[in-house]
Amino acid sequence: MGIRYELTQLLEGAAREAQARSILPAQALPEVILEHPQNPAFGDYACSLPMKLARAARMDPMSLGQALAQLLPSHEAVARVEVAPPGFINFTLAAPWLALQVEAMLKAGMAYGDLDVGHGERLQVEFVSINPTGPLHVGHGRGAVLGDTLARALGAAGFQVETEYYVNDGGNQMEAFYTSLYVRYLQALGQKEAMPDSGYMGSYMMELARELLAERGDALLALPREEAIAQAGRWGLERVLGWIREDLERLGVSFDSWFSEHSLYREGQYERAMGILSQGGFTAEREGALWFISTALGEDKDNVLVRTSGIPTYFASDIAYHYNKFLERGFQRVIDIWGADHQGHVPRMKAAVAALGVAPERLQIILNQMVALRRGEEVLRVSKRTGELITLGELMDEVGADACRFFYLARSADAQMDFDLELAKRQSAENPVYYIQYAHARIASILLLAQGRSIDYASGDVSLLTTEPELALLRKIIQLPEVVETVARTLEPHHLAYYAQELAMVFHLFYRDCRVVTQDVALTRARLKLVEAARLALAKTLYLMGMSAPDKM
RNA sequence: GCCCCUGUAGCUCAGAGGACAGAGCAGCGGUUUCCUAAACCGUGUGCCCGGGUUCGAGUCCCGGCAGGGGUACCA
């Protein structure tokens, strides 16, 4: 579970013991938090608990720290516990214990870093879920990487994770897409037909129409307009979903399921969800439409469920969809990842979930801020309707899938992001992606050399690992479980990107200072074990980020 | 107008209320008889402004300013 967790438990125990001995007042303890001090002189972990307790205990933080430190049982991992002004308890890890961790890492293999904080809780991560009206663009890539990485990290943290893409195969947007395709098809046949105002103007629509023409000839002309649009639409939907699937695959993103909006109506989930809402008194008919009375749940305004036209809104579908997630499929927790342009939808969705009788905390919605695209000084518009767009596929052509993932991942979801294509290309030789992967390739190269010389290091004695560069590498490796825990707790996968850089850095420093394969057979074997552990940690981190771990570069 | 996100080094961004605020890129200068130089070393007057809470604020609260997004019987 990681040494930080163990030390946290010990400190909590000491604090409770202090309460039992009336050193501390018997009141709720603040959460015990261990952090990594910036200054290495303060050890590996620091805790500011004494300062937080000082007032209530009517003691000065230093003596309180001393008292707690004395109640702390000894632990093989801890070489030193120091109380430092103005009231920190600092822990320094023992070098022999650190060295010994190598054995545990090798034993765990790629499972190193896995935790059980999730206790097998079933949760769903739903992301991307864009209307299949066109290819994925650069903004969608961000949500894709965010969701996929989060799902991987939550899986590593011991949750039972299912990923899902919600296919909006109904609704106005799709109708506009179907009609647009049909009109382009007619135009391709030489007919003078105008695109609808709400039509999709991108040039890919014309390509689609030409493909449709090539496949079906003029067969659709013989059909009534509505039927022709429906047939063109079904065909176009499948084609576009195919594009989306291919791009995501290239990005290393796959889904456990693709869920059809349409099925909600086919299989009665829509009716059942609406039934619960009306039974709960959360619906009302007004002005010919059916409304969800969000104001009864503290919202600013009510929202339309069924238009006067009788067609349900996207919101109504989404309620049925979440009814399905929570009440039919029984997910204990659902994480939705949406673009920031959906933020207005968040409070009413939470209200709707509450109206369904589900605690709204079980729905967690992550908004990723917009990606603004630039090519140097030139700002590029990202709009499917007007056509001028940079697709995710083009981005991957330019910078590569690994670099895409890393760049997306290195920013927290709530920071707006400028993706400068020129910069991403220009940096591609000297960017952090290669820095990290190069560390992995260097290790692979060392292991290959050892293999070539038939060095069997299985019996290597890790207690020979005592120098600072070796220990620094170990200290960083043992942080991997902490990073997984952090990502799972905060739902912020960007911590992985920073950890990967730090891990690569300590390895490169180790590499500079410590030659692995030397005449000293015993030390060589020990260091080979260490290097193998470092490879595992790097490979696992790269895996969690969905990036490749090359043996050669 | 109201709501949400953001404002940290020249640029892109990290930063569990803690001890001296970090990294990458860009710039300048250096390192290779040795497991990959896609590496390493050196070089930095920076938390948007004003109040407040706290032993302690880049972090929390209030008020500004700036950028982005939302505010539909669109999704």
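We name chains A, B, ... by the order of the sequence lines, and we start the count at 1 in each one.
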Base, sugar-phosphate, or nothing: which does A:Arg348 touch, judged by heavy atoms less than 4.0 Å apart?
base

Please give, in whole Å, the distance from B:C5 P to A:Gln416 CD?
12 Å

If stacking means aromatic ring centre less than 5.5 angstrom from the base's six-membered ring centre, planes under 30°, is A:Phe42 stacked on B:A19?
yes

For a quick check of understanding: with a heavy-atom distance under 4.0 Å over all strands, which category does A:Phe88 fall into, base, sugar-phosphate or nothing?
base

Base, sugar-phosphate, or nothing: which does A:Leu509 touch, judged by heavy atoms less than 4.0 Å apart?
sugar-phosphate

NA contact type, A:Met417, heavy-atom cut-off 4.0 Å: base, sugar-phosphate, or nothing?
sugar-phosphate

Among the candidates B:G68, B:C13, B:A16, find the nucleotide nearest to the side-chain atoms of A:Arg4.
B:A16

Any salt bridge between A:Lys476 and A:Glu502, counting N to O under 4.0 Å?
yes

Is the count of non-hydrogen atoms from other residues, nucleotides or ligands lying under 6.0 Å from A:His508 atom NE2 greater than 12?
yes

Which nucleotide in B:A16, B:U12, B:A75 has an atom nearest any side-chain atom of A:Ile33:
B:A16

Nearest to the side chain of A:Glu287 - B:C13, B:C73, B:G24?
B:C73

Would you indicate which nucleotide in B:A14, B:A75, B:C5 comes nearest to any side-chain atom of A:His342?
B:A75

Determine: side-chain N/O of A:His494 to OP1/OP2 of B:G15, distance under 4.0 Å, yes or no.
yes

Among the nucleotides B:A38, B:G24, B:U6, whichever has the atom closest to the side chain of A:Tyr434 is B:A38

Looking for any heavy atom pair under 4.0 Å, which part of the strands does A:Asn368 touch: base, sugar-phosphate only, or nothing?
nothing

Side-chain contact check for A:Ala415: nearest option of B:A75, B:A14, B:C35 is B:A14

With a cut-off of less than 4.0 Å, is there a side-chain N or O of A:Ser412 near OP1 or OP2 of B:A14?
yes

Proximity to the side chain of A:His508 - top-ranked nucleotide from B:C34, B:C40, B:A75:
B:C40

With a 4.0 Å cutoff (strictly under), does any side-chain N or O of A:Arg307 reach OP1 or OP2 of B:A75?
yes

Quick one: which of B:A75, B:U6, B:G17 gets closest to the side chain of A:Thr313?
B:A75

Residues A:Arg4, A:Glu485: salt bridge by 4.0 Å N-O rule:
yes

Atom pair distance, as rounded to whole Å: CG in A:Asn39 and P in B:A19:
10 Å

Look at A:Arg512 and B:A39 and indicate whether a side-chain polar atom (N or O) is within less than 4.0 Å of OP1 or OP2.
no

Between A:Glu482 and A:Arg489, does at least one N-O distance fall below 4.0 Å, as a salt bridge requires?
no

Between A:Tyr323 and A:Tyr270, does the ring centre distance come in under 6.0 Å?
no

Pick base, sugar-phosphate or nothing for A:Asp302, based on heavy-atom distances below 4.0 Å to the nucleic acid.
nothing

Which residue lies more 5' along RNA chain B, comparing A:Pro37 with A:Thr518 via nearest heavy atoms:
A:Pro37

Is any side-chain heavy atom of A:Ile443 less than 4.5 Å from a side-chain heavy atom of A:His440?
no

If you look at every strand shown and take non-hydrogen atoms under 4.0 Å, does A:Ala46 touch a base, only sugar-phosphate, or nothing?
base

Salt bridge present between A:Arg286 and A:Asp302 (N-O < 4.0 angstrom):
yes

Quick one: is A:Gln38 getting a side-chain N or O under 4.0 Å of the B:G22 phosphate, OP1 or OP2?
yes

In whole angstrom, what separates A:Asp300's CG from B:U71's P?
13 Å

Classify the nucleic acid contact of A:Phe315 as base, sugar-phosphate or nothing, counting any heavy atom under 4.0 Å across all strands shown.
nothing

Residue whose closest nucleotide on RNA chain B lies nearer the 5' end, A:Pro312 versus A:Cys514:
A:Cys514

Going by an N to O cut-off under 4.0 Å, is there a salt bridge joining A:Asp551 and A:Arg535?
no

What is the nucleic acid contact for A:Ala410, judged by heavy atoms within less than 4.0 Å: base, sugar-phosphate only, or nothing?
sugar-phosphate

Can you tell me if A:Arg442 touches the phosphate of B:C35, counting only side-chain N or O atoms and a distance under 4.0 Å to OP1 or OP2?
no

Could you give the CD-to-P distance, from A:Glu82 to B:A19, as a whole number of Å?
17 Å

Using OP1 and OP2 only, check whether a side-chain N or O of A:Tyr435 sits under 4.0 Å from B:C40.
yes

Give the rounded distance in Å between these two atoms: OH of A:Tyr321 and P of B:A75.
16 Å

With a non-hydrogen cut-off below 4.0 angstrom, is A:Asp318 in contact with a base, only sugar-phosphate, or nothing?
nothing

Whole-Å gap separating C1' (B:G24) and CG (A:Asn431):
9 Å

Which nucleotide in the set B:G69, B:A16, B:G17 lies at the smallest distance from any side-chain heavy atom of A:Met370?
B:G69

Of the options B:G18, B:C13, B:G70, whose atoms approach the side-chain atoms of A:Arg411 most closely?
B:C13

